[in-house]
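Chain A is the first sequence line, chain B the second, and so forth, proteins listed ahead of strands; every chain is numbered from 1. For clarity, every value in this text was computed on a predicted model and none was experimentally measured. These values consider heavy atoms only, across backbone and side chains, with no hydrogens, waters or symmetry-generated copies.
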Number of protein chains: 2
Amino acid sequence: MTDFVRMVEVGPRDGLQNEKAPIATADKIALIDRLSQTGLRTIEATSFVSPKWVPQLADAAEVFTGIQRAAGVAYPVLVPNETGYDRALAVGVQEVAVFTAASEAFNRKNTNAGIDESIDRFRPVLARAAADGVKVRGYVSTVLGCPYQGDVAVADVVRVARQLHDLGCYEISLGDTIGVGTPLKARAMLQAVASEVPVSSLAVHFHDTYGQALANILSCLEEGVRVVDSAVSGAGGCPYAKGASGNVASEDVVYMLHGMGIATGVDLEKLSETGRWLAALLGRETGSKAGKAMAAT
Amino acid sequence: MTDFVRMVEVGPRDGLQNEKAPIATADKIALIDRLSQTGLRTIEATSFVSPKWVPQLADAAEVFTGIQRAAGVAYPVLVPNETGYDRALAVGVQEVAVFTAASEAFNRKNTNAGIDESIDRFRPVLARAAADGVKVRGYVSTVLGCPYQGDVAVADVVRVARQLHDLGCYEISLGDTIGVGTPLKARAMLQAVASEVPVSSLAVHFHDTYGQALANILSCLEEGVRVVDSAVSGAGGCPYAKGASGNVASEDVVYMLHGMGIATGVDLEKLSETGRWLAALLGRETGSKAGKAMAAT
């Protein structure tokens, strides 16, 4: 496996959106600017969902216009619909992400719409994005379990992933939103999706709620996945298991990949420093074990 | 992989020996007695090393005689030499473990003896154990890196593991003492050892210092290992990286194995409760992500 994995840093969006205490716009900008200096190629900057849903990210436009965009780095943002797309486009966004669940129950609770309805809302976004030359990433959440319906059929994951790909998403990120997956289930899910969507268009997005994220990523790397979502310092937490761990920590993923001879372009020292800086800002220990060990040795 | 993994619980020994604050003998006994009710088949109870080296385990005899030994559960103890063996035998121990490093530098720092000298000390222990009907497990530490010499040659790991096996150790536990390993290195090391010692006589012992333990275990399971060392609540810490994580948490390993359809005989709920009980006793959060998530949901 001597090759390259593109890390998609989701800390500023998926990490921070789960923080209860308000975070200053300047701090969000500082986080992204620090991440831009680490060698990451993709940094998800914020979300243009309604501030009613995610008050923490109500300053999306200010954040996006405040950051220093580095050459060669993509800064995608989440958009739930055309309104979000309009807001994003107005501030110069060049890549957006749309999202739906593989679990009907989760999608209804989370977005007040069925999966098909969500996908219908994306059609005009994808059509406009194509015309505007804006890249679109697609997220499928709850791919290995749902806090409301429990098990999620692999066939549902495949169907939704394929629909997003057919609609024009250049990459589909498969998310274990509640972190319940284990390696063989992750592998089986991935194989099923890869039978309908080229594996080169797939990314994995694991939460470390049960400590399984790195093992699951390893399984998916073995199946050929070369794009991994993660959050510096393991930011995020889990809204469905209060106090539990959040996104897999970027530092731990990069440590593993480099140890396996897989390049990421990321400077692990700088990334770990940024993780500890963020943890200090949030008033806690870093959620990255590698980040903690690197500070100690 | 629908089969069985034997979990070797090392929390009472490898976990507690790294605790700075003294722990009451009664609490150590309570920990082992709780673990005995979880379905674990092997619980490393304590260590009969010199109290000068490990003051925390100076009460080894009291602990061993105080526990309620459950039917079908083995309670091995560490012995560094014949003196330790005598002390262990005097209180009715039926299984012991001997230990050496694969790194010459580590072994000298840690035991004030070269590897060959350590192995010579074990010869009479193994001879007497054979005569006494006492089983002997062998530990090889620093198999993927050493805090003093850095890299450790795989050939050194193979040589030491083979020597311990040839001497009569029924099982060799391969330990990544400082938790620096990553999956491909773990796999390569294991394959090399398995070419000289049957994989059915090998166990793996990972520390989670850099968050890699579960991914490394997965790699080794794929190579056929079916014995995994771990510590409830991820007890232990790392004396070479202050503040870093300790042993891989038993709860997280069991969660992964059960999710992969591999039986362990362990009741994960009871194990997680015991992990949280231990963490509360030590005045901290549980070091098991699964344990934390299970408490929260």
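Looking only at heavy-atom pairs under 4.5 Å with chain A, the residue among B:A249, B:S288, B:A213, B:S245 that has the most is B:S245. Note: A:P183 leads A:P183, A:G179, A:G181 in heavy-atom pairs under 4.5 Å with chain B. Ranked by heavy-atom pairs under 4.5 Å with chain B, the first of A:P147, A:G211, A:S219, A:G291 is A:G211.
Looking at A:D208 and B:K289, their side chains come closer than 4.5 Å, going by heavy atoms from C-beta outward. Taking 4.5 Å as the limit, some side-chain heavy atom of B:M294 sits within range of a side-chain heavy atom of A:Y210.
Under a cut-off of 6.0 angstrom, the local environment of CD in A:E285 is sparse, with at most 12 non-hydrogen atoms contributed by other residues, nucleotides or ligands.
Using a 4.5 Å cut-off between heavy atoms, A:V180 contacts chain B through both its backbone and its side chain.
Salt bridge present: A:R187 and B:E222 bring a charged side-chain N and a carboxylate O closer than 4.0 Å.
By a heavy-atom distance cut of under 4.5 Å, not one residue of residues 12-21 of chain A is near chain B.
Note: A:L184 CG to B:I262 CD1 = 7.0 Å, rounded to the nearest 0.5 Å. One distance of note links NE2 of A:H258 with OG1 of B:T182; it measures 11.0 Å at 0.5 Å rounding.
Judged by distance alone, with hydrogens and angles left aside, the side-chain atoms of B:Q212 form no donor-acceptor pair with the main-chain N or O of A:G259 at under 3.5 Å.
For A:R34, the salt bridge (Lys or Arg N to Asp or Glu O under 4.0 Å) criterion is met by no residue, not counting sequence neighbours. Remark: B:S141 pairs with no residue by the side chain to side chain donor-acceptor pair (under 3.5 Å) rule, at least two apart or across chains.
Residue pairs meeting the salt bridge (Lys or Arg N to Asp or Glu O under 4.0 Å) criterion with at least one partner in residues 259-270 of chain A, sequence neighbours excluded, do not occur; the list is empty.
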